[in-house]
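Here the structure is laid out as C-alpha cells; the discussion comes afterwards.
Values in this document were obtained by computation on a predicted structure and should not be read as measured data. For the numbers below, each heavy atom of this structure counts, side chains included, while hydrogens, waters and symmetry mates do not. Remember, it's 1-based here, ligands and their atoms both numbered in the order they're listed.
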Amino acid sequence: MTEHVNAPLGTPIVAPIHHSAAYAFASLADARAVFAQRASGYTYARTGNPNVTALESAVTKLERAECAVATSSGQAAVTLALLALTGPVNGHVVASSHLYGGTVDLLTDTLAETGLTVTFADPRRPEEWEAAVTSQTRVFFLESIANPLADLPELETIADIAHRNGAVVIVDNTVATPHLFTPGEHGADLVVHSATKYLSGHGGPLGGLLVDTGNFDPTEDPQRWPWLTTSHPRWGDRSPVEVYGAKRALLGVARCKYLNDLGPCMSAITAHEILQGISTLGVRVERQSATAASLAATLNRHPAVARVHHPHFGGARQEELYEQGGYRGAGGVFSIDLNGVPEQVEHVVDSLRLIKLAANIGDVRTLVAHPASMTHCRLTPEQFRASGITGQTLRFTVGLEDVADLTADLFQALSVIADATESPAAWEHLPHTARATAHQQKDSFHDHH
Ligand SMILES: *Cc1c(COP(=O)(O)O)cnc(C)c1O
C-alpha cells in the first residue's frame, strides 16, 4: 500500500482569501524591522493584506501607474488623497463644478471644518481654473467623465495650469474606468476610484482606490511639501521621501499615516470580490458604453426629451476631447432633461419597470436616479445652477440587459408625458421588437391605472 504523502495535484485558479487580521513573524528581529518600516511586510490588516495588495497591483497596472492604496469606499480614497496633499497646511482646492455630490459634501462641509478651502470652476473653461488659483492652492480635482451629466473636462489644459502653479491634479476616474481612459497619460498626478461602481461591477461591496501615477515628485519643489520632504519622528526621524522614495512618498503617507490612523481600510473579502469584477471589466464597459450610446441616440430624437447629456451629444468640442483623450468608449452613464412639468418627471420615474430607481452606477442592472432629489440633494442653489443639473434631469447607468428591452421600458414610461410615444418620428428608428414590447408595456401600464 502506498501512502498518500504528497499534496493533491492541481492548484486553485482563483486566489485564496486571506482572512487574517494579524501576521506572524519568525523572530522579534523580523517583527521589529517590519514595524519600523525598515523591511516590507504585513503586520495587521488595517494597512495591508495579500488580497488587498493583489487588487492594488491590478489597478496600478490598469492605470499604468506607480502604486495604489485600497480603501473602504470611494469617499475614503478621496479623503485620504486630500488629507495627504492639504491636511498639514489648510490647503486650497480648485474643484470642478461638475462633481459627484459626495465629493462636494466632503469639500464644502466635512473637510472645510478642518481648514480646507475650495473654489469651484467649470471643467470646460480652463480660464476659470487659472483665475481660482491662490498661493495656498495644492490640488486641482476633476472627473474624467463627470457624474451625472457625462461631460468631458479640458483635462490637459487644466493640468498644465495646475502644474505651472505647483498644484497636484487628482482625477476621479470612476465613470470612465481605466479600460476606457487612463488620466495619468493626460496630466493627472493622482487617480481616485469608487471601486463600488465599475471595478466591482455587480453592485455588491463598497471600495475605493487611490492611485499614484508617478507624475508627482515633491522633491522638485521641496518647500511646498515639507511634510513629505523633511524628517519627522513619525518616520523614524527620516522624511517620507527617504522612507518610500520620491515617487511613492505621498502614498506612503496616505497608507501608513492616514489609513493607519483613521482606519478606512478594505477587507480581504471585498478586495477578492472587486478583483473578480475586474476580470470582466473590459467586456462589461464596452457593452455598457455601446448600449448607453444607443439609448442616448434614441432618446435624443424622443419628443418627451428636451436634451440628452452624453459625450457624443455634447457638441464638437466634446467630440474633440473624446478623440484627443483616446477614450475607448463614452461609458455607461448618461442623463436626459425631460420635457414636461415636475409631476410628469415623478410619473416617468415611477413608471419604469425594468429600470430600477437607485443611487448607484456601474451595476450590471440598469438604474435611474433623479440627482436633484438624490445624489445632489444638498447642493446650494448656486452650486445647483453651476452643476447643470435641473429638476428635469434623470441620470441613467446602463447595465447588461438587452437594448430592446431597455428601450421598451423607457418608451412606456415616457408615454406618461402626453402623447410622446404617439409621434411617428420617435418610433421609426426603433427595432421592431422594441416597438412591439413598448406598445405592450404601455398598454399593460394603462390597464393598471
Ligand atoms: C460613488 C462615487 C464616489 C464615492 O464612492 P463610494 O464608493 O460610494 O464611497 C466618488 N466619485 C464618483 C464619481 C462616484 O460615482
Side-chain angles (χ1 to χ4, degrees), residues 52 55 59 63 68-83 93 95-111 120 123 139 141-153 155 170-181 183 188 190-211 259 262-267 270-271 273-274 277-278 285 288 292 309 311 330-335 358-363 367-371 374-379 387-389 395-399:
V52 173
L55 173 65
V59 175
E63 290 286 1
V69 173
T71 55
S72 56
S73 68
Q75 285 298 109
V78 176
T79 304
L80 291 196
L82 291 170
L83 286 175
V93 177
S96 167
S97 52
H98 295 195
L99 279 190
Y100 174 69
T103 312
V104 178
D105 285 344
L106 181 67
L107 288 166
T108 59
D109 186 3
T110 299
L111 288 182
F120 290 99
V139 172
F141 191 105
L142 58 168
E143 295 177 1
S144 49
I145 298 180
N147 177 7
L149 297 186
D151 49 297
L152 310 181
L155 177 56
I170 308 179
V171 171
D172 184 334
N173 202 29
T174 299
V175 176
T177 83
H179 185 76
L180 300 182
F181 182 68
L190 296 184
V191 175
V192 289
H193 279 283
S194 170
T196 316
K197 315 294 169 54
Y198 290 96
L199 298 182
S200 158
H202 297 72
L206 265 72
L209 266 307
L210 166 55
V211 185
L259 183 66
L262 299 172
C265 54
M266 180 182 281
S267 80
T270 294
E273 255 191 89
I274 295 170
I278 285 176
V285 297
Q288 287 162 327
H309 302 274
V333 173
F334 73 98
S335 291
N360 194 15
I361 60 172
D363 200 325
L367 307 174
V368 65
H370 184 242
M374 298 165 71
T375 48
H376 292 70
C377 66
R378 273 186 295 281
L379 297 194
S387 75
I389 300 164
R395 181 193 71 188
F396 294 95
T397 164
V398 174

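A search for side-chain contact (heavy atoms from CB on, under 4.5 Å) contacts involving Ala146 returns His98, Glu143, Asp151, not counting sequence neighbours. In this structure, the side-chain contact (heavy atoms from CB on, under 4.5 Å) partners of Ala358, at least two apart in sequence or on a different chain, are Leu367. In this structure, the salt bridge (Lys or Arg N to Asp or Glu O under 4.0 Å) partners of Asp363, at least two apart in sequence or on a different chain, are Arg365.
Side chain of Gln75 to main chain of Gly102: a donor-acceptor pair is present (N/O by atom type, distance under 3.5 Å, no hydrogens or angles).
Protein residues having a heavy atom under 4.0 Å from any atom of ligand 1 are Ser73, Gly74, Gln75, Tyr100, Glu143, Asn147, Asp172, Thr174, Ser194, Thr196, Lys197, Gly207, Ile361, listed by chain and number.
In terms of heavy-atom proximity, Ala81 sits nearest to Ile170 at CB-CD1, 3.9 Å. In plain terms, the two heavy atoms of Ala176 and Phe181 that are nearest each other are CB-CB, 4.0 Å.
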